[in-house]
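Take this structure first; my questions come after.
Letters go in sequence order (proteins before strands), and every chain restarts at 1.
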Protein chains: 2
Amino acid sequence: MVVYFVTQRGGSSLDAIRVPSSGSAAQQVEAQLRRAIVTLALPPGTRLSEAEIAERHGVSRQPVREALIGLARTRLVEILPQRGTLVVRISVKKMMEARFVREAIETAVARRAATGFDPGARVRIDDLLDLQAKAAARGAHETFQRYDEMFHMALAEGAHCALAWEAIADIKAHMDRACHLTLKGSMLPLVEQHRAIMAAIDRGDGEAAAEAMREHLSEILRALPKVEAEHPDLFE
Amino acid sequence: MVVYFVTQRGGSSLDAIRVPSSGSAAQQVEAQLRRAIVTLALPPGTRLSEAEIAERHGVSRQPVREALIGLARTRLVEILPQRGTLVVRISVKKMMEARFVREAIETAVARRAATGFDPGARVRIDDLLDLQAKAAARGAHETFQRYDEMFHMALAEGAHCALAWEAIADIKAHMDRACHLTLKGSMLPLVEQHRAIMAAIDRGDGEAAAEAMREHLSEILRALPKVEAEHPDLFE
DNA sequence: CGAAATATACTACCATACAAAGACGCCCTC
DNA sequence: GAGGGCGTCTTTGTATGGTAGTATATTTCG
């Protein structure tokens with residue numbers, strides 16, 4: 001039996017983003033499963049039975065089913081009709097494609113951000129970067145990853161293109177698990193890259209911001225071969 | 001009562017893409033509803049009752065519910081818990097954001113396509129363009145729009161970035177209805193723009209391909225004000 | 001002994017029934 | 001006559017039973 005545990009309470013205020021205590025049961029189950037998959041508590045290849053998950057979460061099979069459909073839409077799980085549902089393995093090919101698309105979107109966002117940035121989002125980003133630096137310092141890579149997500153979300157919002165974040169969020173699903181593995185290493189350089197991006201934006205240099213973003217998103221390329229070699233069972 | 005009709009049969013082989021006769025009932029209902037919404041057979045503001053749709057399609061409420069959840073995920077409908085589900089109005093703001101993100105992705109795809117294109121996809125695109133030109137000539141704008149979709153999908157696939165199409169498909173939902181309205185006008189110039197993009201790709205000129213794509217995707221900007229003025233009730 | 005046919009157990013999928021919550025109209029009260 | 005409280009209706013959300021299809025283990029036949 002697969003054993004995993006996801007704290008619903010005891011988290012910071014950020015839990016409201018990914019694991020809302022409000023919302024339908026289906027949404028809660030989906031958020032919890034998503035986190036469990038991304039953190040590899042549910043490793044690739046795990047069979048997900050509707051009945052088993054329903055029992056574990058204390059709900060019926062129907063909300064669980066809807067949660068799994070939602071996860072299947074972002075390709076985190078694969079539903080085989082009348083056969084079963086399982087956590088998909090990390091695909092290097094899809095990761096490379098996802099990175100390409102994400103780079104296309106985020107460099108454009110960075111370029112636009114340099115032409116005018118929402119003041120409210122700007123100050124929030126400063127707070128986020130400080131919090132992220134602290135998380136990095138104490139090695140809390142899960143918290144770090146959530147702040148990273150919030151940074152990129154705030155960046156899109158600040159550039160007056162919230163829709164960009166929605167597109168990124170779906171794409172990111174293909175990369176998150178591999179990123180989670182690489183974060184075991186040093187996190188502080190990533191914060192510095194974030195700061196470099198914001199510095200370029202602040203001085204209105206769109207090209208520099210885009211280039212800094214490109215550099216930032218290329219980071220995963222360096223770590224990927226090593227991670228893949230260390231965990232061959234997680235990849236397809 | 002809202003009356004609409006979507007042909008499940010009588011279509012070309014392309015129906016297999018958006019309205020698969022196979023697949024679960026939920027997927028079929030979702031595809032039919034999506035088409036009805038995009039073609040404005042179900043105009044913005046329409047209330048969508050799970051029970052009513054279920055009866056109309058001869059299935060139970062459950063598959064319909066899953067279909068609506070899928071549509072809500074791409075923001076085509078809005079589900080108000082315990083209150084009702086309705087077709088969202090076209091948002092110019094979101095359309096502009098969607099166009100921005102789409103331009104970011106597709107210009108990058110075009111640029112990459114110029115560095116190497118899948119031969120199989122290349123010949124398929126030629127066939128598509130011919131079919132699209134014919135559809136434009138006889139004024140079949142719905143068929144035209146489907147070929148347009150297939151063109152952009154084949155382009156992403158040919159550039160070895162199928163994932164890009166998935167991202168675009170979600171984003172496109174915000175633009176499709178407005179595009180549907182503008183297609184009442186001339187369609188042939190759009191085919192020529194497609195051909196210009198492919199010509200640039202064929203000669204390996206990435207920058208020209210990207211610029212041609214940017215030009216192509218900017219077309220909607222010219223028509224949008226007129227459409228919005230003519231159909232104010234469709235917009236928010 | 002091997003291979004094919006069969007029985008069984010499991011799955012997602014669909015249908016139906018029930019529950020909870022907001023919207024609306026009605027009636028009573030001030 | 002106007003405003004507030006209450007009951008009813010409609011809506012989505014959830015629970016549960018039943019069905020068809022698939023994989024696996026078992027049995028049976030060559």
Any base atoms under 4.0 Å from A:Leu86, or only sugar-phosphate, or nothing? Heavy atoms, all strands.
nothing

Is there a side chain to side chain contact (heavy atoms under 4.5 Å, CB included) between B:Leu190 and B:Gln132 once you walk through the steps?
CA-CA 10 Å; B:Leu190 297 178; B:Gln132 195 179 23; 5.7 Å; no

Is there a donor on the side chain of A:Arg61 or the base of D:dG13 sitting less than 3.5 Å from an acceptor on the other?
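No, the side chain and the base share no sub-3.5 Å donor-acceptor pair.
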
With heavy atoms under 4.0 Å as the rule, sort A:Ala25 into base, sugar-phosphate or nothing.
sugar-phosphate

Mark yes when over 12 heavy atoms from residues, nucleotides or ligands other than B:Glu219 sit less than 6.0 Å from its CD; otherwise mark no.
yes

Students often get this wrong, so: under 4.0 angstrom with heavy atoms, is B:Glu50 touching a base, only sugar-phosphate, or nothing?
sugar-phosphate

Of all heavy-atom pairs between B:Arg102 and B:Ile171, which one has the smallest distance, and what is that distance?
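Here B:Arg102 and B:Ile171 meet closest at CB-CG2, 4.3 Å.
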
Nearest-angstrom distance from the residue atom CD of B:Glu52 to P of D:dT12:
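Spelled out: CD on B:Glu52 to P on D:dT12 is 10 Å.
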
Tell me which of B:Thr85 and A:Gln62 sits closer to the 5' end of DNA chain D, going by the nucleotide each one is nearest to.
B:Thr85

Pick from B:Thr85, B:Val87, B:Val88, B:Leu33: which one makes a side-chain contact (heavy atoms from CB on, under 4.5 Å) with B:Leu71?
B:Leu33

Taking heavy atoms of chain B and a 4.0 Å limit, find me the 5'-most and 3'-most nucleotide of DNA chain C within that range.
C:dC14 to C:dA23

Could you tell me the separation between the CD atom of B:Glu66 and the P atom of D:dT14, rounded to a whole number of Å?
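Rounded to the whole Å, the gap is 13 Å.
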
Taking atom P of D:dT11 as reference, at what distance in whole Å does atom CD of B:Glu55 sit?
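Answer to the nearest Å: 12 Å.
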
Any side-chain N or O of B:Ser49 less than 4.0 Å from the OP1 or OP2 oxygen of D:dT10?
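Checking B:Ser49 against D:dT10: no side-chain N or O falls below 4.0 Å of OP1 or OP2.
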
Looking across every strand, which nucleic acid part, if any, lies under 4.0 Å from A:Leu68 by heavy atom: base, sugar-phosphate, or nothing?
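Nothing, no heavy atom under 4.0 Å.
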
Quick one: is A:Ser60 getting a side-chain N or O under 4.0 Å of the D:dT14 phosphate, OP1 or OP2?
no

Quick check on side-chain contact (heavy atoms from CB on, under 4.5 Å): which of B:Leu86, B:Ile69, B:Leu48 does B:Val77 satisfy it with?
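Of the listed options, the one satisfying the test is B:Leu48.
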
Starting from P on D:dT10, measure out to CZ on B:Arg47 and report it in whole angstrom.
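Value for this atom pair: 12 Å.
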
Kindly indicate whether the side chain of A:Gln82 and the base of D:dT22 share any N or O donor-acceptor pair separated by less than 3.5 Å?
no

Carboxylate-amine/guanidinium contact A:Glu30 B:Arg73, below 4.0 Å
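Looking at A:Glu30 and B:Arg73, the cut-off is met.
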
Select from A:Arg83 and A:Pro63 the residue whose nearest nucleotide in DNA chain D is closer to the 5' end of that strand.
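It is A:Pro63, whose closest nucleotide lies nearer the 5' terminus.
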
Pair B:Arg75, B:Ser91: side-chain N/O donor-acceptor within cut-off below 3.5 Å:
no

